[in-house]
Amino acid sequence: MPKVLVSDPIDQSGLDILAQVAQVDVKTKLPLEELVQLIPNYDALMIRSGTKVTSEVIEAASQLKIIGRAGVGVDNVDVAAATRRGIVVVNSPEGNTIAAAEHALAMMLSLSRNIPEADKSVKASAWDRKKFTGVEVYKKILGVVGLGKIGSHVATVARAMGMNILAYDPFISKERAAELGCTLVDLDLLFQEADYITLHIPKTPETAHLINAEALAKMKPTARIVNCARGGIIDEAALHEAVKNGTIAGAAIDVYESEPLGESSLRELGKSVVLTPHLGASTAEAQINVAVDVAEQIRDVLLGLPARSAVNIPGLRPDVLERLRPYLQLAETLGNLVGQLAGGRVEQVQITLQGDLANQDSKPIVIATLKGLLTNALRERVNYVNASIEAKERGIQVIETRDAGVKDFSGSLYVSAQGSLGEHSVTGIILGGTEVRITDINQFPINVPPTKYMLFTLHRDMPGIIGKIGSLLGSFNVNIASMQVGRQIVRGDAVMVLSIDDPLPDGILEEITKVPGIRDAYTVAL
Ligand SMILES: NC(=O)C1=CN([C@@H]2O[C@H](COP(=O)(O)OP(=O)(O)OC[C@H]3O[C@@H](n4cnc5c(N)ncnc54)[C@H](O)[C@@H]3O)[C@@H](O)[C@H]2O)C=CC1
Ligand SMILES: O=C(O)CCC(=O)C(=O)O
């Protein structure tokens, strides 16, 4: 049974799903050294934001197939290192959207109405109303930085509260912003005009310290800033100075440069600053959503199925995946077959989506073909995550084409490879929705299902040759399960495809090539 390590608190609903297919060990607050020691025993790791999955952890993770982040941000995972090791990283892109958006709105209102400090004072038996007079958000300008899933929801609700929305997001169209009732502006204008600024962007090298002393200096002295996105987007030292000096009016912060928040001057700023301990996703509903979403993906990957929200392999909508699944199998089989026919050192591979298949998303099909192509060399080290990188590192040139005009079958896949045994090509189709059929080898039409052990010959189409190969295989005690011949013209060149029950014994291939009329022979194990 596979083993899953859950190293952050995860809702029971997720643990129950994992337990259907795996042994589940929940061990939270592990020091790095302990995680490094334990991880070689596990097939999957499920985390929230607490666990840092560093390159050191990934190096030690000799069995790990998947890291599941029950949340959105994967900045606590070294995704590049995981990709290199062929480990799938999945997240839950939408499970906590509403929770995070509502937290940002709650922070904005708490800050405006001094709710945390007022609460503290009443609980300390005071009744001080004047001290906690606040400001309204109605008719104020909200600057939304990042108009993705969370930013959009914040903008929609804020508009309903009577706010006017400016937005900055270089990857969102004006039309989409207009649909949400936002005006797209550049960042400087947003900084200058906004009464409230709320951040909903990932932390990247471009967004690190986006809010620094220079940016804060452009804001209104009455401006208030909310960060429920990621620590490090705001320079905390600069923020402290800006609030202390009255450059801006205040800030509400959920995420920090270093978590848990250690010593911090932000704590000294009284009611001008509201601080929460990374609570954006902490609602009962969001925790069930993300736990179920990610646990289902871990379960699927452990069962050999693709994940729907992998961040390091092309994401596919489940309905698209369902439609493509047989073609991924076809691509992998043809890649593996052509890779063996072409011998080692493949320099170039051409992948053509033909007929109706030409209308499909080619990326996963190309990846599946490369995975098949490299399987012989890399075995279980190659998978959907690292196949493209491995192919690139081996200097394999990948040519991807489409030909909707090929109408022999409703949809077919053509793969050719140039390797140490020359150039070889195969074509295949899916029959009856699930069955792989090889319909062409090196331009010779055939119709055979792939089997574990196969023998291919290229020979002259002449009487007696099939019998000779049959007798030769018989003399080596090789049992033939099925045989088919394909030719272009009578008594011209032909191919023979044999499915055999066992691997071909050493030396027999050489004997086959000595049979008069045989030009070449290849054996493959799929
Ligand atoms: N505090 C918490 O507990 C939670 C925090 N988050 C964080 O919230 C952030 C946003 O999450 P989602 O809305 O789900 O992500 P999303 O991917 O839907 O949206 C992010 C938006 O940022 C935009 N963007 C990227 N780089 C940008 C840049 N340099 N300047 C301006 N815009 C840029 C993108 O175009 C995209 O529209 C993420 O950092 C995520 O980790 C998410 C959930 C909970
Ligand atoms: O797991 C959590 O509570 C943090 C959520 C978060 O920051 C995210 O989903 O990006």
Side-chain angles (χ1 to χ4, degrees), residues 6-11 14 28 46-53 67-77 79 89-108 143-156 166-174 176-177 179-180 182 184-191 197-211 215 226-234 252-256 259-261 274-291 293-294 309 311 315:
V6 177
S7 61
D8 285 318
I10 299 289
D11 190 84
T28 57
M46 187 162 179
I47 57 166
R48 277 176 64 186
S49 55
T51 303
K52 308 280 172 267
V53 190
I67 299 167
R69 158 70 164 108
V72 180
V74 287
D75 45 319
N76 53 327
V77 178
V79 178
V89 181
V90 300
N91 70 350
S92 175
E94 290 176 13
N96 59 24
T97 300
I98 300 299
E102 289 184 358
H103 195 66
L105 290 157
M107 293 288 264
M108 180 174 74
V144 178
V145 182
L147 206 51
K149 292 182 285 297
I150 298 170
S152 306
H153 191 69
V154 167
T156 305
L166 298 180
Y168 171 72
D169 189 324
F171 308 104
I172 290 284
S173 68
K174 271 199 177 122
R176 169 70 184 145
E179 252 173 51
L180 293 164
C182 307
L184 270 191
V185 291
D186 69 29
L187 201 52
D188 272 357
L189 190 63
L190 185 147
F191 287 157
I197 295 171
T198 186
L199 306 175
H200 300 291
I201 49 179
K203 162 114 183 282
T204 64
E206 292 76 44
T207 62
H209 284 192
L210 184 78
I211 308 297
V226 178
N227 185 10
C228 291
R230 272 295 170 271
I233 298 173
I234 298 184
I253 308 292
D254 184 47
V255 285
Y256 305 89
E259 294 182 13
L261 184 66
V274 175
L275 306 177
T276 51
H278 203 148
L279 288 184
S282 294
T283 63
E285 295 85 348
Q287 284 316 304
I288 294 173
N289 292 344
V290 296
D293 190 0
V294 170
S309 301
V311 301

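Here, residue 1 is the first one in the sequence, and each next residue gets the next number. Atoms within a ligand are numbered from 1 in the order they appear, just like the ligands themselves.
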Dump all N/O pairs between ligand 1 and the protein below 3.5 Å as a table: atom names plus distance, one pair per row.
unit_1: ligand 1; atom_1: 1 (N); unit_2: Cys228; atom_2: O; d: 3.0
unit_1: ligand 1; atom_1: 1 (N); unit_2: Asp254; atom_2: OD2; d: 3.0
unit_1: ligand 1; atom_1: 3 (O); unit_2: His278; atom_2: NE2; d: 3.3
unit_1: ligand 1; atom_1: 3 (O); unit_2: Gly280; atom_2: N; d: 3.4
unit_1: ligand 1; atom_1: 3 (O); unit_2: Ala281; atom_2: N; d: 3.2
unit_1: ligand 1; atom_1: 13 (O); unit_2: Lys149; atom_2: N; d: 3.4
unit_1: ligand 1; atom_1: 13 (O); unit_2: Ile150; atom_2: N; d: 2.9
unit_1: ligand 1; atom_1: 18 (O); unit_2: Lys149; atom_2: N; d: 2.9
unit_1: ligand 1; atom_1: 18 (O); unit_2: Lys149; atom_2: NZ; d: 2.8
unit_1: ligand 1; atom_1: 35 (O); unit_2: Asp169; atom_2: OD1; d: 2.8
unit_1: ligand 1; atom_1: 35 (O); unit_2: Asp169; atom_2: OD2; d: 3.2
unit_1: ligand 1; atom_1: 37 (O); unit_2: Gly148; atom_2: N; d: 3.4
unit_1: ligand 1; atom_1: 37 (O); unit_2: Asp169; atom_2: OD2; d: 2.6
unit_1: ligand 1; atom_1: 39 (O); unit_2: Ile201; atom_2: O; d: 2.9
unit_1: ligand 1; atom_1: 41 (O); unit_2: Arg230; atom_2: NH2; d: 3.3

(request) Report the C-alpha separation of Leu180 and Thr156 in whole Å, then their side-chain angles, then the decisive distance to 0.1 Å, and conclude whether the side chain to side chain contact (heavy atoms under 4.5 Å, CB included) test is met. (result) CA-CA 6 Å; Leu180 293 164; Thr156 305; 4.0 Å; yes
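Counting only N and O atoms by type, the side chains of His153 and Thr97 include no donor and acceptor under 3.5 Å apart.
Scanning for salt bridge (Lys or Arg N to Asp or Glu O under 4.0 Å) contacts around Glu179 gives Arg176, with sequence neighbours left out. With sequence neighbours left out, Thr207 forms a side chain to side chain donor-acceptor pair (under 3.5 Å) with Thr204.
The backbone N or O of Thr51 lies less than 3.5 Å from a partner atom in the side chain of Asn76, making a donor-acceptor pair. Without hydrogens or angle criteria, Asp169 side chain to Leu147 main chain gives a donor-acceptor distance under 3.5 Å. Here the side chain of Asp254 pairs a donor or acceptor atom with the backbone of Leu279 at under 3.5 angstrom.
Near ligand 2, residues Arg48, Ser49, Arg69, Ala70, Gly71, Val72, Gly73, Asn96, Arg230, His278, Ala281 each place a heavy atom inside the 4.0 Å sphere around the ligand atoms.
Residues Thr198 and Met108 are not in side-chain contact: their nearest non-hydrogen atoms beyond the backbone lie 4.5 Å or more apart. The side-chain heavy atoms of Val77 and Asn91, taken from C-beta on, include no pair separated by under 4.5 Å.
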